[in-house]
Each structure stands twice: as C-alpha cells, then as structure tokens.
Engineer: 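The structure is given below, and queries will be raised subsequently.
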There are 2 protein chains.
Amino acid sequence: MSADAWDRDLVPDQAGRTVKPDPTCPVEVALAAIAGRWTTLLLRDLMAGPRSFGEIRAALPTLSDKVLVDRLRDLQSRGLVDRRVHTGFPTRTTYALTPAGVQLRPLLIQLYETGRSLMAASESDGR
Amino acid sequence: MSADAWDRDLVPDQAGRTVKPDPTCPVEVALAAIAGRWTTLLLRDLMAGPRSFGEIRAALPTLSDKVLVDRLRDLQSRGLVDRRVHTGFPTRTTYALTPAGVQLRPLLIQLYETGRSLMAASESDGR
DNA sequence: CAGTATCCCTGTTGATACTG
DNA sequence: CAGTATCAACAGGGATACTG
C-alpha cells in the first residue's frame, strides 16, 4: 500500500496532485467560481433565467449593492455570467449565465445533496 | 413563467429557498465542511486512509502547524474527522474520516469535474 | 434603474517561537 | 511527535451616501 497510489476517481490526473493551494487545480477553479458569501444564492437565481439588477435585489433583499456588483463582476470576469445593457432610459441591464456558467449546475446540486446527507448524519448521531 | 417556480432539481425542498446566507441551508452546510484554504487538500489526503499529524505535514509541507490544527479541529467539530491518540511516547495521533466525512467524496469529485469543464470552456473561448 | 465611492470592521491566514 | 501561543498582515464583507 503505497502513499503515492493516487485514487483515480478523486484525482484522475496530474492537475490534482498539488501539494499546496494552486489556482490551476480544477478543484480550486470550481471553488473560485462559487466562492464568496451570497454567490451560490445568486447563481441559484440566475439558473432560473436572465435577471435584471433590480430583480436580483428583490430576490435577495439584504444583499448590498456593493457586494452584488462585486459578485456579478467576478462571475463576468470568469466568463460565467453575461451582462447586457439595454438602451433607453432608465437603463436596464440583464444578467444571464453563459454556457460555462450553466455548467455549475451539477455542482450546486451536488452541494445540496451532500449538505442534506451531512445533516442527516449529524442528526442521527446527535451532533 | 412564474418567478416563484422553483427548479426541483436545484432546490428540491424548502431548505433551499433561502433569501440570505443561512447555515441551515444544505448548500451552506456542505460549503462549510470544505471551507477554508487547504481544506480540500487535507480531505483529499484523508480520503486515502488514516494519517498521522506528521504524515499530513509531510504531504503538505508548506501548510503551517497552526492552520493544520485549525482545519483538523474544525473537521472534528463537524463530525467529519475522528482523532485518535495512541498511548506511548512519543505521542502518536491518527486522524481518519468518519462515515460522514467519507460522504464528502462525491462532492470533491464533482468539484474536480466542474473545474475541468470550466477550464476546457475558458480554453476554447480564449479567456 | 443601475450602479460608484468610502470607510470600517472583522475573520482568516501565516510566520515564528515555544512545550509536554 | 504533536501540538500551543502570539502577533502581524491582509482580504472580504457590509453600512452608508452619492450619481449618470
């Protein structure tokens, strides 16, 4: 039993054999995409379709403008969200997931399922 | 098309209908379990079997003792890692995933796969 | 409507040194 | 071997007020 025998399901290739936090590791790429408070809630909303700035604010009323803009800009810079400004006044902007952004869907589902299973586990052991 | 029509795959039940960060939301439970720098690397190591403190240090040489202890204690407090002190001198301690901890495995795999798919997407669109 | 601009506060990380 | 104790540095988050 060697300590270097990598688990092929968990670490299928070289990119996962990191020995310190590394932004090029796939796991970190995925984590970076969903990182930050409010991000998964925002993504959940966008998964249902394009949204305007105001619609997001209405859906997440206690999220500050600043953080909302931070999140949207970050997702944009990663190519996960597309920002489209509609001409006219008042200005209207819609945010929509890109095809890459939609690829986060299975991850969000897995997060939910894992969370449920952890909650079930800690319930049965009284934690 | 109602804005209240929840996606049953993404948000299967009431616990996912949160409007602000909420530690009882399954997604947040799962995120909390893997949160923090170094945590996924540590979990990857423990997924391969029980490890002593020194073995983990050897596997992750630039991780400081302080942060390693922080991570292990946090995982312990969530019931994901079991700490076992072996009598004798020098002291030997082994850390192992609990059954609940092992349940994080599909999540780590999904993180890896999502990361790979995001990397492939940004490669093809030149980002 | 859809943002910007500041400022502050807090938690997290990490380096270093020490101990049962 | 397996930690503990301090402390300094930094980044993230949020409140508030203002603008094209």
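Within every chain, numbering begins at 1; the chains are lettered A, B, ... in the order of the sequence lines, protein sequences first and strands thereafter.
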Engineer: On DNA chain D, check which nucleotide each of V67(A) and T91(A) is closest to and give me the residue with the more 5' one.
Structural biologist: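 Of the two residues, V67(A) wins.
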
Engineer: Taking 4.0 angstrom as the limit, do D7(A) and R44(B) come out as a salt bridge?
Structural biologist: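 No salt bridge links D7(A) with R44(B).
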
Engineer: Between dA2(C), dG14(D), dT4(D), which nucleotide gets closest to the side-chain atoms of R92(A)?
Structural biologist: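 Selected nucleotide (nearest to the side chain): dA2(C).
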
Engineer: With the side chain of V69(A) defined as its heavy atoms from C-beta on, choose the nearest nucleotide among dG3(C), dC1(C), dG3(D).
Structural biologist: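 Between dG3(C), dC1(C), dG3(D), the one nearest the side chain of V69(A) would be dG3(C).
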
Engineer: Looking at R84(B), I'd like to know whether one of its side-chain N or O atoms comes within less than 4.0 Å of OP1 or OP2 on dA2(D).
Structural biologist: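 Answer no for this pair, as no side-chain N or O of R84(B) is under 4.0 Å from OP1 or OP2.
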
Engineer: Exactly one of Q76(B), R71(B), R78(B) should register a side-chain hydrogen bond (donor to acceptor under 3.5 Å, both in side chains) with D74(B). Which one does?
Structural biologist: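 Answer to the side-chain hydrogen bond (donor to acceptor under 3.5 Å, both in side chains) test with D74(B) among Q76(B), R71(B), R78(B): R78(B).
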
Engineer: Atom CZ of residue position R73(A) - does it have more than 12 heavy atoms of other residues, nucleotides or ligands inside 6.0 Å?
Structural biologist: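 Atom CZ in R73(A) is packed in, count exceeds 12.
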
Engineer: Please determine if a side-chain N or O atom of T93(B) lies less than 4.0 Å away from the OP1 or OP2 oxygen of dG3(D).
Structural biologist: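 For dG3(D), OP1 or OP2 has a side-chain N or O of T93(B) closer than 4.0 Å.
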
Engineer: Rounded to whole Å, how long is the line connecting atom CZ of R71(A) with atom C1' of dG3(C)?
Structural biologist: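 The distance from CZ of R71(A) to C1' of dG3(C) comes to 16 Å, rounded to the nearest Å.
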
Engineer: Measure from CZ on R73(A) to C1' on dA5(C) and round the result to the nearest Å.
Structural biologist: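 My rounded result for the distance is 14 Å.
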
Engineer: Quick check on contacts: within residues 25-46 of chain B, what sits under 4.0 Å from DNA chain C by heavy-atom distance?
Structural biologist: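 Under 4.0 Å from DNA chain C: G36(B), R37(B), W38(B).
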
Engineer: To the nearest Å, how far apart are R51(B) CZ and dC1(D) C1'?
Structural biologist: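 Nearest whole value for this atom pair: 17 Å.
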
Engineer: Less than 3.5 Å apart, any donor N or O on the side chain of H86(A) or T94(A) sitting next to an acceptor on the other?
Structural biologist: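 Yes, T94(A) and H86(A) have a side-chain donor paired with an acceptor closer than 3.5 Å.
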
Engineer: Rounded to the nearest Å, what distance is computed from the CG atom of residue L68(A) to the C1' atom of nucleotide dA2(C)?
Structural biologist: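 Taking atom C1' of dA2(C) as the reference, CG of L68(A) is at 10 Å.
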
Engineer: Nearest whole Å is fine: how far is dC1(C) P from I56(A) CD1?
Structural biologist: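 To the nearest whole Å, that distance equals 14 Å.
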
Engineer: To the side chain of S64(B), which of dG3(C), dT4(D), dG14(C) is closest?
Structural biologist: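 Nearest to the side chain of S64(B) among the choices is dG14(C).
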
Engineer: Is a side-chain donor-acceptor pair under 3.5 Å present for Q110(B) with T114(B)?
Structural biologist: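 Side-chain D/A pair, T114(B) to Q110(B): present.
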
Engineer: Kindly say if R83(A) contacts the phosphate of dA2(C), meaning a side-chain N or O under 4.0 Å from OP1 or OP2.
Structural biologist: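 R83(A) to dA2(C) OP1/OP2: no side-chain N or O under 4.0 Å.
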
Engineer: In which stems does DNA chain D show up, taking only runs of three or more Watson-Crick or G-U wobble pairs whose two distances fall under 3.5 Å?
Structural biologist: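 Listed by first number, the stems are C:1-20 with D:1-20.
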
Engineer: With a 3.5 Å cut-off and heavy atoms only, can you find an N or O donor on one side and an acceptor on the other between the side chain of K66(A) and the base of dG3(C)?
Structural biologist: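 Donor-acceptor pair under 3.5 Å: no.
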
Engineer: Using atom CG of D70(A) as one end and atom C1' of dG12(D) as the other, report the distance to the nearest whole Å.
Structural biologist: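 Computing the D70(A):CG to dG12(D):C1' distance gives 9 Å.
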
Engineer: Just wondering, do L43(A) and L75(A) contact through their side chains at under 4.5 Å, heavy atoms?
Structural biologist: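 Side-chain contact under 4.5 Å: yes.
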
Engineer: Between L41(A) and V19(B), is any pair of side-chain heavy atoms under 4.5 Å apart?
Structural biologist: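 A side-chain contact under 4.5 Å is absent here.
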
Engineer: Rounded to the nearest Å, what distance is computed from the CG atom of residue L63(A) to the P atom of nucleotide dG14(D)?
Structural biologist: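 Interatomic distance, CG of L63(A) to P of dG14(D): 8 Å.
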
Engineer: DNA chain C: V85(A) or D65(B), which has the more 5' nearest nucleotide?
Structural biologist: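 That would be V85(A).
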
Engineer: Classify the side-chain pair D9(A)/Y112(B) by whether it contains a donor and acceptor separated by less than 3.5 Å.
Structural biologist: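 There is no such pair between these side chains.
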
Engineer: So, is R57(A) near the phosphate of dC1(C), with a side-chain N or O under 4.0 Å from OP1 or OP2?
Structural biologist: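 No, no such contact exists.
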
Engineer: Look at the side-chain N and O atoms of Y95(A) and state whether any lies under 4.0 Å from the OP1 or OP2 oxygen of dC1(C).
Structural biologist: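 For dC1(C), neither OP1 nor OP2 has a side-chain N or O of Y95(A) closer than 4.0 Å.
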
Engineer: Given atom CZ of F53(A) and atom P of dG20(D), what is their separation to the nearest angstrom?
Structural biologist: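 It works out to 17 Å between those atoms.
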
Engineer: If you measure from the Lys or Arg side-chain nitrogens to the Asp or Glu carboxylate oxygens, is any gap between D82(A) and R84(A) under 4.0 Å?
Structural biologist: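 Salt bridge present between D82(A) and R84(A).
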
Engineer: Side-chain donor-acceptor pair under 3.5 Å between R83(B) and Y95(B), yes or no?
Structural biologist: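 There is such a pair between these side chains.
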
